[in-house]
Amino acid sequence: MTLLVPPQAVTPSRTRDRRIRLDLNESPFGPLPAVEDALASDISRVNRYPDFLPDRLREMIAAHLGLPAHWLSIGAGATGVAGMILSEARRRARARGVEVPELATAIPTFDGYPILAGMLRMGVAEVALTPAGGVDLDGLARSVGPDTAAVVLCSPHNPTGAVIADVELRDFLDDVPPSVPVLFDEAYREFCDDPIDVVALLRRHRNLIAIRTFSKAYGLAALRVGYAIADPVIAAALRTWEIPFGIAPAATAAVPVALAARAELDERVKAIRAERDRLARRLTEIGSPPLPGQGNFVFLPGDDGLQVGRLLASVGVIGKRCGKYGLRLTVGDAESTDTLIDALRLTAWTA
Ligand code: PMP
């Protein structure tokens with residue numbers, strides 16, 4: 001990897017017991033020096049509560065996006081934000097008499113969605129992915145009914161990395177009743193070739209809610225910050241779910257510094273995309289091609305993928321087994337790519 005940041009900024013994906021963890025789609029990069037300084041200067045104040053509500057952080061993120069702050073709601077990672085959106089969607093569905101409000105989603109998807117639906121006692125309307133690993137937007141639109149509280153779309157999709165094109169999202173939003181909230185989860189937005197201008201779409205489709213996170217490209221997963229961008233009326237409803245003192249001061253200190261480091265972010269994203277393409281090429285060479293995807297991970301579908309996962313686990317490389325569907329591998333550093341490819345070469349897999 002060619003990096004603007006010093007090489008020691010790459011935190012090895014190895015755990016203390018020498019296993020390589022490639023199962024959580026984490027960034028291989030540790031904090032930028034400026035972020036580390038901001039965190040260090042904050043540590044002496046841990047006896048103090050953070051802001052009652054994350055209004056300063058909201059202002060800073062909004063200024064970065066060029067949006068008014070009242071379009072935003074902030075939570076504990078994209079997971080926390082998704083929980084707030086689903087809580088509000090469920091509340092509204094119950095208020096109109098739906099006994100078991102449903103979440104419509106592609107399956108497989110980010111584990112957080114079925115988990116949150118279970119916590120909120122919501123039903124899940126599952127729509128299978130296309131054979132190429134894409135979100136079946138027509139199928140999802142058809143699955144929307146009177147009990148649907150919300151629909152979730154991820155782009156890039158977890159675990160396949162498939163993206164939804166601007167025109168596809170527009171058509172979908174035209175097909176879905178405007179009363180149904182559509183969560184557009186952009187956790188991996190920064191890794192996309194051509195991310196959608198969701199803000200332009202939001203002005204036309206008031207039921208669209210974009211979700212973003214600092215956990216992936218920004219590499220701040222432990223700080224737990226994410227946000228929703230939504231129509232001001234919806235954003236105001238979401239803010240009623242913001243937990244008092246819920247965002248740690250470390251997040252408020254680190255996020256503006258991370259946002260200001262645009263050149264370093266671009267450099268890191270470029271390096272991860274290059275490593276993703278190298279990993280995909282090497283896997284293809286040894287007869288295990290991943291699906292084409294645009295996240296910071298690759299997906300090896302079906303039984304072959306699951307078999308690769310078992311072989312890698314036996315040599316201490318931990319991928320994410322996605323039910324019966326296949327194996328997701330996070331793009332780590334050059335060493336983790338080389339280690340896993342060498343391990344597969346040495347096994348019966350390539351015989
Ligand atoms: N959405 C998707 C699609 C994800 O894959 C993930 C994390 N794996 C999240 C949301 C949650 O991210 P966060 O750390 O911000 O809660």
Side-chain angles (χ1 to χ4, degrees), residues 1-2 4 25 27 29 61-62 64-67 71-72 78 81 105-106 109-110 129-138 140-141 151-176 182-205 207-219 226-230 258-259 261-281 284 289-299 301 328-331:
M1 291 183 182
T2 349
L4 274 181
N25 293 348
S27 170
F29 295 104
I61 297 172
H64 177 81
L65 298 172
L67 280 175
W71 284 64
L72 301 187
V81 174
T105 175
T109 187
F110 166 48
L129 294 175
T130 67
V135 173
D136 174 4
L137 290 167
D138 291 339
L140 266 176
V151 185
V152 61
L153 308 175
C154 301
S155 182
H157 187 67
N158 175 359
T160 58
V163 293
I164 295 170
D166 184 275
V167 58
E168 293 172 326
L169 180 57
R170 281 173 199 272
D171 288 350
F172 180 78
L173 290 166
D174 285 337
D175 284 353
V176 169
V182 175
L183 284 69
F184 190 65
D185 182 329
E186 300 190 283
Y188 304 98
R189 173 187 174 85
E190 293 81 2
F191 301 107
C192 278
D193 295 346
D194 192 13
I196 289 182
D197 181 358
V198 273
V199 174
L201 274 179
L202 267 164
R203 295 184 197 273
R204 257 197 63 181
H205 298 278
N207 54 333
L208 178 63
I209 308 171
I211 304 180
R212 297 191 184 163
T213 179
F214 289 95
S215 297
K216 306 297 180 184
Y218 286 94
Y227 60 97
I229 314 175
L259 285 173
R262 201 185 284 254
E264 284 87 348
L265 175 77
D266 288 351
E267 197 70 15
R268 287 176 169 205
V269 165
K270 225 162 100 186
I272 291 169
R273 285 164 50 108
E275 193 61 29
R276 175 189 69 206
D277 295 346
R278 188 172 82 92
L279 173 61
R281 267 197 318 275
T284 304
L291 296 181
Q294 295 187 25
N296 65 338
F297 52 88
V298 297
F299 184 69
R328 191 191 70 199
L329 287 173
T330 304
V331 176

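The two atoms that bring Gln294 and Pro156 nearest to each other are O-CG, 3.6 Å, heavy atoms only. Smallest separation of non-hydrogen atoms from Val135 and Cys154: CG2-O, 4.2 Å. Between Ala106 and Leu129 the shortest heavy-atom distance is CB-CD2, 3.7 Å. For the pair Ile196 and Arg189, the tightest heavy-atom approach, listed with the atom from each and the gap, is O-NH1, 2.9 Å. Closest of all the heavy-atom pairs between Ala162 and Gly134 is CB-CA, 3.7 Å. Of all heavy-atom pairs spanning Leu208 and Leu202, the tightest one is O-CD2, 2.8 Å.
The closest side-chain heavy-atom distance from Pro301 to Leu291 is below 4.5 Å. A heavy-atom distance below 4.5 Å is not found between the side chains of Asp171 and Leu137. Val182 places none of its side-chain heavy atoms less than 4.5 Å from the side chain of Ile209. Two residues are said to be in side-chain contact when any heavy atoms from C-beta on lie closer than 4.5 Å; Leu183 and Leu153 fail this criterion.
For Arg276, there are no salt bridge (charged side-chain N to carboxylate O under 4.0 Å, His left out) partners at least two apart in sequence or on another chain. Take Pro289 and apply the side chain to side chain contact (heavy atoms under 4.5 Å, CB included) test, not counting sequence neighbours, and it matches Thr284. With sequence neighbours excluded, the residues satisfying salt bridge (charged side-chain N to carboxylate O under 4.0 Å, His left out) with Asp174 are Arg204. Not counting sequence neighbours, Asp197 has no partner by the side chain to side chain donor-acceptor pair (under 3.5 Å) test. Taking the side chain to side chain contact (heavy atoms under 4.5 Å, CB included) definition, one finds that Asp136 meets it with Val127, Thr130, Asp138, sequence neighbours left out. With sequence neighbours left out, Thr109 forms a side chain to side chain donor-acceptor pair (under 3.5 Å) with no residue at all. Not a single ring pair (Phe, Tyr, Trp, His ring centres under 6.0 Å) links Phe184 to another residue, sequence neighbours left out. Under the side chain to side chain donor-acceptor pair (under 3.5 Å) criterion, Thr213 pairs with Ser215, not counting sequence neighbours. Under the rule for a ring pair (Phe, Tyr, Trp, His ring centres under 6.0 Å), Phe299 has no partner lying at least two apart in sequence or in another chain. Residues passing the side chain to side chain contact (heavy atoms under 4.5 Å, CB included) test with Ala217, sequence neighbours excluded: Glu190, Phe191, Leu265, Val269. The side chain to side chain donor-acceptor pair (under 3.5 Å) test applied to Tyr227 returns no partner, not counting sequence neighbours.
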Given the rule in the side chain to side chain contact (heavy atoms under 4.5 Å, CB included) test, do Ile61 and Phe214 qualify, once you have shown the distances and angles that lead to the verdict?
CA-CA 11 Å; Ile61 297 172; Phe214 289 95; 3.8 Å; yes
Does the pair Trp71 and Leu65 meet the rule for a side chain to side chain contact (heavy atoms under 4.5 Å, CB included), with working shown?
CA-CA 11 Å; Trp71 284 64; Leu65 298 172; over 6 Å; no
What do the steps show when you test Asn25 against Tyr188 for side chain to side chain contact (heavy atoms under 4.5 Å, CB included), and what is the final call?
CA-CA 9 Å; Asn25 293 348; Tyr188 304 98; 2.9 Å; yes
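One distance of note links CD1 of Ile164 with NE2 of His157; it measures 8.5 Å at 0.5 Å rounding. To the nearest 0.5 Å, atom CD1 of residue Ile211 and atom CD1 of residue Ile229 are 10.5 Å apart. Atom CD of Glu267 is separated from atom NZ of Lys270 by 5.0 Å, given to the nearest 0.5 angstrom.
Side-chain N or O atoms of Ser155 include none that pairs as donor or acceptor with a backbone N or O of Val163 at under 3.5 Å. Arg268 places no side-chain N or O within donor-acceptor distance of the main-chain N or O of Ala263, the cut-off being under 3.5 Å.
Using a cut-off of 4.0 Å between Lys/Arg side-chain N and Asp/Glu carboxylate O, Arg212 and Asp185 are scored as not salt-bridged.
Residue pairs that meet the side chain to side chain donor-acceptor pair (under 3.5 Å) test with at least one member in residues 158-169, sequence neighbours left out, are Asn158-Arg328, Asp166-Arg170.
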